[in-house]
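In each ligand, atom 1 is the first atom listed, and ligand 1 is the first ligand listed.
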Amino acid sequence: MKKQVKFFDTTLRDGEQTIGVNFNVEQKVAIAKALEEWGVDYIEAGFPIASPEDFKAVNAIAKTIKKTTVTGLARLVRKDIDAVAEAIAPAPHQMLHTFIATSPIHREYKLHMSKAEMIAAIRSDVAYAKSKVDFIEFSPEDASRTEPDFLVEAVQAAIDAGANCINIPDTVGYDDPEEFGAIFANLKAHIKHFDDIEWAAHTHNDLGMAMANAMAAIKNGATQIQGTVNGLGERAGNVDLIEVAAAIAVRGDYYNAETGIQMKRTKHMSEIVENASGIAVGPNKPIVGANAFSHESGIHQDGFLKNHQTYEILTPESVGMHSRLPLGKLSGSHAVMNKFNEMGYTVDRNMMKVIFPIFKNVADRTDLVSEADMIDIMNTYKTQQ
Ligand code: KIV
Ligand code: ZN
């Protein structure tokens with residue numbers, strides 16, 4: 001049986017940390033509704049202690065969302081924990097997400113805490129959080145730069161204090177996939193009752209490895225992936241949940257995994273976040289970029305027209321997209337003939353022997369050949385007959 005990978009969306013929290021992104025409460029509720037319909041398992045609705053507006057948004061989402069678990073972020077500090085517990089209280093399914101940075105650089109320079117002080121804080125404040133909300137997720141921030149032995153100690157302390165779910169963040173996108181996977185393998189080897197806990201991965205894209213690291217985590221025992229829609233997030237962003245969902249949809253047998261994501265709604269989900277955030281999706285973005293299912297070169301267009309699977313590993317319709325065969329100077333006669341026939345002309349291979357050089361002439365002088373250009377090309381051909 002395939003393992004169910006749960007999706008934890010943090011577009012409204014980590015995603016909002018993107019420079020220039022500031023969702024209002026109405027936008028946040030609309031995104032949360034779309035996330036629920038898309039099929040995510042957890043919505044991190046915000047960081048309630050951060051501002052009254054953030055509190056209001058988390059609370060409004062907690063009142064609106066019925067099926068999906070709603071969570072908010074708290075530092076491992078009681079006033080943060082109280083704010084999350086209060087903000088998510090109306091949600092039928094709640095989780096409290098609390099974190100403290102465990103790596104040496106954060107302990108020494110940011111928190112000024114010894115290892116012993118940190119373990120004591122984890123024991124006491126995770127237990128405090130547990131007294132407020134039943135379902136607790138604990139994140140050792142900067143886990144990938146934390147000493148492996150201390151990471152085990154911190155995680156075990158959180159579990160002993162009542163954490164149900166442990167999230168391993170690669171906070172600064174530092175690890176490579178082999179290293180990141182090995183963190184999960186090491187925890188599996190040393191944490192008591194590893195299988196009773198839900199294990200999450202939270203990856204950032206500073207070295208462009210957020211996606212590879214998320215997939216490595218799944219291969220090494222993670223059953224929850226944290227990320228954002230369109231890869232929004234601090235600095236270079238978080239892993240794009242759209243890419244993780246597609247990878248599992250296409251390579252589910254390889255990863256031995258499945259998700260509850262409604263793949264057909266993927267483009268729609270991406271557009272909602274694109275519009276609300278004002279951050280445009282790049283044309284080459286996997287799955288939802290304008291070029292993700294476009295084929296321009298002659299060899300690719302010919303192969304695609306013979307069998308779409310020659311150059312498409314998933315059907316664009318399955319994620320709410322469409323294939324495109326833009327015509328340009330690299331296009332072959334098969335695609336050009338196909339386009340004329342789509343436009344209502346009846347063009348055969350013999351005619352193409354004359355039409356194609358006219359097409360190439362036009363294509364050489366422009367980026368993409370438009371329908372108007374195609375009509376001109378046909379008129380030129382006709383005058384030559
Ligand atoms: O990147 C990170 O470490 C975080 C934590 C708060 C989970 O966003
Ligand atoms: Zn993060």
Enquirer: With backbone taken as N, CA, C and O and side chain as the heavy atoms from C-beta onward, which portion of H204 lies under 4.0 Å from ligand 1: side chain, backbone, both, or neither?
Expert: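 Under 4.0 Å from ligand 1, H204 contributes side-chain atoms alone.
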Enquirer: Distance alone, cut at 3.5 Å: any donor-acceptor contact between the side chains of N230 and E274?
Expert: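 E274 and N230 do not have a side-chain donor-acceptor pair below 3.5 Å.
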Enquirer: As an exercise, identify every atom of ligand 1 less than 4.0 angstrom from a heavy atom of D14.
Expert: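 Answer for ligand 1: 8 (O).
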Enquirer: Is any NZ, NE, NH1 or NH2 atom of the basic residue among E36 and K66 found under 4.0 Å from an Asp or Glu carboxylate oxygen of the other?
Expert: no
Enquirer: Any idea which part of N167 is under 4.0 Å from ligand 1, heavy-atom wise: side chain, backbone, both or neither?
Expert: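 Under 4.0 Å from ligand 1, N167 contributes side-chain atoms alone.
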Enquirer: Between F150 and R107, is there a cation-pi geometry (under 6.0 Å to ring centre, at most 45° from the normal)?
Expert: yes
Enquirer: Please list, in number order, the atoms of ligand 1 under 4.0 Å from a heavy atom of E141.
Expert: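 By the 4.0 Å cutoff, the relevant atoms are 3 (O).
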Enquirer: Heavy-atom distances under 4.0 Å decide this one: backbone, side chain, both or neither, for T171 against ligand 1?
Expert: both
Enquirer: H202 to ligand 1: N or O pair under 3.5 Å?
Expert: yes
Enquirer: Measuring to the Zn ion (ligand 2), does D14 have an N/O/S atom at a distance below 2.8 Å?
Expert: yes
Enquirer: Evaluate whether atom CD1 of I375 has more than 12 neighbouring non-hydrogen atoms of other residues, nucleotides or ligands under 6.0 angstrom away.
Expert: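 Enclosed.
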Enquirer: Can you find a pair of side-chain heavy atoms, one from L35 and one from T68, that are under 4.5 Å apart?
Expert: no
Enquirer: So is R13 in contact with ligand 1, going by heavy-atom distances below 4.0 Å?
Expert: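 It does; at least one heavy atom falls under 4.0 Å.
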Enquirer: Quick check against the 3.5 Å criterion: does N164 have a side-chain atom that pairs as donor or acceptor with the backbone of E198?
Expert: no
Enquirer: Is atom CG of L368 surrounded by more than 12 heavy atoms (other residues, nucleotides or ligands) closer than 6.0 Å?
Expert: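 Above 12, so yes.
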Enquirer: Can you check the angle at the Zn ion (ligand 2) formed by NE2 of H202 and NE2 of H204? Round it to the nearest 10°.
Expert: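 It rounds to 100°.
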Enquirer: Can you sort out which atoms of ligand 1 are near P169, meaning under 4.0 Å from one of its heavy atoms?
Expert: 2 (C), 3 (O)
